[in-house]
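What follows is a set of notes on a single structure, which appears directly below.
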Amino acid sequence: ETDLTSLRKLYETTQSVKLDDLRKLELDAKIATANRSDWATNPSDTENLLRWMAKNLNVHFSDMNLPENKIPSDPREIPILYRTGHEAFSFSPQVRAQLRKYLLAGGTLIMDACCGRRAFVESALREMQQLLPERPPYRLSMDHPVYHSFFNMKPEDIQFRDYALMAGARDDEPAAIGIDIECRTA
């Protein structure tokens with residue numbers, strides 16, 4: 001069986017719902033802040049990702065923009081939260097507390113520094129450390145399952161855009177940073 005077939009069976013067994021029925025459910029929500037010019041510079045970024053997933057993985061989900069004060073406690077509502085931006089940021093204590101609950105309950109938070117912007121990266125690292133101080137962030141090495149879940153990625157598969165390269169990213173080197181909670185990277 002392929003990884004995707006196994007994933008479908010596991011999901012259908014544990015959730016008592018057919019994966020094809022999930023077309024109506026949100027897979028991810030982009031965290032929307034007051035500074036729209038920071039997080040919404042590419043309004044179709046999550047749509048492009050989901051379109052790629054539909055074509056290459058045959059899974060179909062939808063996405064939404066979610067005000068940061070509406071983050072759910074239960075990740076079954078929205079399994080993945082996505083925060084992107086260019087600029088330095090900080091979550092309010094209330095948002096930080098809600099994100100912590102969400103992550104500890106099984107949710108996933110992906111933060112993406114648009115164009116590799118250092119100010120965003122530094123803020124994201126600070127926030128990760130404040131969200132889960134007992135779980136230090138670390139760079140995901142090439143043997144991490146994220147690089148082998150559906151495709152067996154090799155270092156040469158990692159290619160950054162010019163803006164990220166100018167900001168210090170290096171082709172052939174993974175740049176993802178994660179925090180482990182129990183047996184998963186969140």
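Note: hydrogens, waters and symmetry copies are ignored here, and every other heavy atom, side chains too, is used. Computed from a predicted model, the values in this text were never measured in an experiment.
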Would you mind reporting whether [Y] and [X] have side-chain heavy atoms less than 4.5 Å apart?
X: I71; Y: V95; value: yes
X: R100; Y: P133; value: yes
X: V146; Y: T185; value: no
X: M142; Y: I158; value: yes
X: F151; Y: L57; value: yes
X: L99; Y: L81; value: yes
X: S73; Y: Q98; value: yes
X: M111; Y: V121; value: no

> If only atom types and distance count, is the side chain of Y102 paired as donor or acceptor with the main-chain N or O of I80 below 3.5 Å?
Replying inline: yes
>> Ring of F89, cation from R83 - is the NZ or CZ under 6.0 Å from the centre and inside 45° of the axis?
In response: yes
>> Using 0.5 Å steps for rounding, measure from the NZ atom of K154 to the OH atom of Y147.
In response: 15.0 Å
> Any side-chain donor paired with an acceptor under 3.5 Å for D63 and Y82?
Replying inline: no
>> Distance alone, cut at 3.5 Å: any donor-acceptor contact between the side chains of Q159 and D172?
In response: yes
> In terms of side-chain geometry, is the basic nitrogen of E127 or R96 positioned less than 4.0 Å from the acidic oxygen of its partner?
Replying inline: yes
>> As a quick check of understanding, evaluate side-chain contact (heavy atoms from CB on, under 4.5 Å) for L104 and L132, giving each step before the final call.
In response: CA-CA 9 Å; L104 291 175; L132 295 159; 3.8 Å; yes
> So with a 6.0 Å cut-off around CZ of R184, is the heavy-atom count from everything else above 12?
Replying inline: yes
